[in-house]
2 protein chains.
Amino acid sequence: MQARQNAARRDAPPVDPAGAGREAALAHYDELARLGKALSSPIRLRLLDLLRQGPRSVEVLAERAGVTVANASQHLQQLRGGRLVEADKRGQQVVYRLAGSAVSSFFAELRALAEALLPEMDRLKHGLLVAEPEARAALLARVRAGAVTLLDVRPAEEFEAGHLRGALSVPLAELPARLPELPKGREVVAYCRGPFCHLALEAVRLLEGAGYRAQHLDLGPPDLGADDLVTGAAAPPARSPARAAPRRKR
Amino acid sequence: MQARQNAARRDAPPVDPAGAGREAALAHYDELARLGKALSSPIRLRLLDLLRQGPRSVEVLAERAGVTVANASQHLQQLRGGRLVEADKRGQQVVYRLAGSAVSSFFAELRALAEALLPEMDRLKHGLLVAEPEARAALLARVRAGAVTLLDVRPAEEFEAGHLRGALSVPLAELPARLPELPKGREVVAYCRGPFCHLALEAVRLLEGAGYRAQHLDLGPPDLGADDLVTGAAAPPARSPARAAPRRKR
DNA sequence: TGCATATTCAATGGATAACTTGATTTCAAG
DNA sequence: CTTGAAATCAAGTTATCCATTGAATATGCA
């Protein structure tokens, strides 16, 4: 189909002096477009972002993304066609994962570009926005210094696949019941998957309602992978399944 | 239309504990997808890559990309909708340009990701491939040292919008006639727009046929912008149209 | 004012993509 | 061998996209 497009295009106005390597060169843009196509659906982007937290089965991904299993399966296959994700069968379920840490950092760069180009991105970031780099850096410094109670409000499996050093795993649903665990006078910082994830925001709302001084860190472990802050299984999201990689287990 | 999709998606299986910030969060992926969509067509990617060489009118872009003017215009408008390019009228023609240097470097990263993920990219790179980083670095070192005759075989306007320091502008079509200008014993290095551009390859073929020792540098000025090697108007492709920017006219 | 150029607009037909539904494969467990 | 779960496949409908065509809208120039 792409070949047909190329042929059609080549007939148009070939003003180029040398028509030799043209279709070969154009083929490269077709390849690039394969990646672009993979990134052209909100659902696929959401699946990709979820996979940045670690490998997951189709069913879990579908649930988290809010789509049917069949639909998620189809999207995942498209992502696999674009070589952005890989999959292998574990028992009776298929576990998808990113094709490499480069995919995760590329996603972060796409996000950064979007925030730079599309002004509406930050604005409708649910009202709350720590977006200012200085405020975020200050927050991170406090986190790094251990001056705050750090809360990971993602599902437990995602915590286990990699989390910030010193964080406490308290999935959002459990937070109300586990409030007594948190020292009362201390500032609480909650994080989740990243800027597009609302879990930490709701945790902060909940904490403030309960009288805590709470802050929202709008980055997730995948975004802080280059930092010295991530620990657990997958700072850069799991690349090689079995090969070596004897990371110190927290 | 995206709002409608969201509504439909929200009805599906809302297993999420808190359904509060969901549609707001999903809106972010819609925004990301706008960028992805812009990158999902080979023609748009080609136009973007051409714009990395400098601002151009619709007509020129259409000709270089090998599409009709109307078609190019529509694609350019989609790019503008995705905020990747900007345009303003100069006389009776509309000059498009990248929305910022971030777009150019993002393109380079997309290309790098494609080369990392899609093995077929390098293979069919017209046979010739200097792709090995060491070889390329050595070549660049010789170029930087002025040990070679450096040839810019792009159209003259693109040379004027920015080129490698010390390069000679010899558009491919003029090369046969201007061979006498080139010292005979010296190694010649030809470059053009970047890895997907065939001009330099054909120049090398031509030069070798004429008895020269010739090499192909598979990077263009936009890719070497961070380097100290680019001179002329636009190392990072022109950002602000009228504001300041008193370009020295070559 | 009138003509030519550059670009965009609007409409068409053909191809692609998205989501749903129901059937099918594959594997583990009994 | 049967049952059930997980994932994919296949078919069908709807929506969207894409390239082409011809008209319309500027803008500069005579």
Side-chain angles (χ1 to χ4, degrees), chain A residues 1-13 26 29-30 33-34 36-47 55-63 65-82 85-97, chain B residues 1-13 26 29-30 33-34 36-47 55-82 85-96:
Chain A
M1 48 177 171
Q2 293 158 327
R4 215 177 315 138
Q5 281 194 0
N6 267 346
R9 212 179 309 144
R10 217 162 51 90
D11 298 343
L26 289 179
Y29 294 99
D30 287 342
R34 278 174 58 187
K37 277 198 58 118
L39 303 173
S40 69
S41 149
I43 295 182
R44 284 195 287 274
L45 288 165
R46 178 139 229 257
L47 291 171
R56 289 288 173 273
S57 71
V58 176
E59 193 175 32
V60 170
L61 288 168
E63 182 202 293
V67 299
T68 67
V69 171
N71 198 1
S73 174
Q74 287 171 184
H75 281 297
L76 286 165
Q77 279 173 82
Q78 278 191 63
L79 286 173
R80 199 167 53 169
V85 309
E86 297 167 351
D88 46 12
K89 262 189 127 145
R90 273 233 226 302
Q92 56 187 333
Q93 62 187 8
V94 177
V95 174
Y96 280 86
R97 61 177 187 280
Chain B
M1 49 178 172
Q2 293 157 328
R4 216 176 316 137
Q5 280 194 3
N6 266 345
R9 210 181 312 143
R10 216 163 53 92
D11 298 344
L26 289 179
Y29 294 99
D30 287 342
R34 278 174 59 185
K37 278 201 59 122
L39 303 172
S40 69
S41 149
I43 295 182
R44 284 194 287 274
L45 287 164
R46 179 139 228 258
L47 291 170
R56 287 290 173 272
S57 72
V58 176
E59 192 175 34
V60 171
L61 288 168
E63 182 204 292
R64 302 259 160 92
V67 300
T68 66
V69 170
N71 198 0
S73 173
Q74 286 171 186
H75 280 296
L76 286 166
Q77 279 172 81
Q78 279 190 61
L79 287 173
R80 199 167 54 167
V85 309
E86 298 167 351
D88 46 13
K89 262 188 125 141
R90 274 235 225 299
Q92 56 186 333
Q93 61 187 8
V94 177
V95 174
Y96 280 86

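A, B, ... follow the sequence lines: proteins, then strands. Residue 1 opens every chain. The analysis underlying the following values was restricted to heavy atoms, covering all of them including side chains, and did not include hydrogens, waters or symmetry mates.
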Query raised in the report: Where is the tightest heavy-atom contact between A33(A) and S40(B), given as atom of each residue plus distance?
Result: CB-O, 3.7 Å

Query raised in the report: What closest approach, in Å, do A72(A) and L47(A) show between heavy atoms, and which atom pair accounts for it?
Result: O-CD1, 4.3 Å

Query raised in the report: How many Å lie between CD on Q92(A) and C1' on dT3(D), as a whole number?
Result: 12 Å

Query raised in the report: Looking at side-chain heavy atoms only, is the closest gap between H75(A) and N71(A) below 4.5 Å?
Result: yes

Query raised in the report: Do any side-chain nitrogens or oxygens of Y96(A) fall under 4.0 Å of OP1 or OP2 in dA6(D)?
Result: no

Report task. Using only side-chain N and O atoms of Q78(A), determine if any of them is under 4.0 Å from OP1 or OP2 of dA18(C). Result -> yes

Report task. Kindly say if Q74(A) contacts the phosphate of dT20(C), meaning a side-chain N or O under 4.0 Å from OP1 or OP2. Result -> no

Query raised in the report: Atom CG of D88(A) to atom P of dT26(C): distance rounded to whole Å?
Result: 17 Å

Query raised in the report: In whole angstroms, how far is the C1' atom of dA18(C) from the NZ atom of K37(A)?
Result: 11 Å

Query raised in the report: Would one find a side-chain N or O of R90(A) under 4.0 angstrom from OP1 or OP2 of dA6(D)?
Result: no

Requested in this report: For residues R46(B) and A65(B), report the shortest heavy-atom separation together with the two atoms involved.
Outcome: NH1-CA, 3.3 Å

Query raised in the report: Should K89(B) be listed as having a side-chain N or O under 4.0 Å from OP1 or OP2 of dA6(C)?
Result: no

Query raised in the report: For E59(A) and A70(B), take the nucleotide of DNA chain D holding the closest heavy atom to each; which residue's nucleotide lies nearer the 5' end?
Result: E59(A)

Query raised in the report: At under 4.0 Å between heavy atoms, what does Q77(A) touch on the DNA or RNA strands: base, sugar-phosphate, or nothing?
Result: sugar-phosphate

**Report entry** First encountered from the 5' end of DNA chain C, between S41(A) and V69(B)
**Finding:** V69(B)

Report task. Would you tell me if any nitrogen or oxygen in the side chain of H75(B) comes within less than 4.0 Å of OP1 or OP2 on dA19(D)? Result -> yes

**Report entry** Nearest-Å distance for atom pair CG/P, residues N71(A) and dA7(D)
**Finding:** 14 Å

**Report entry** R80(A) CZ - dC9(D) C1' separation (whole Å)
**Finding:** 13 Å

**Report entry** S73(A) side chain near dT8(D) phosphate (N/O to OP1/OP2, under 4.0 Å)
**Finding:** yes

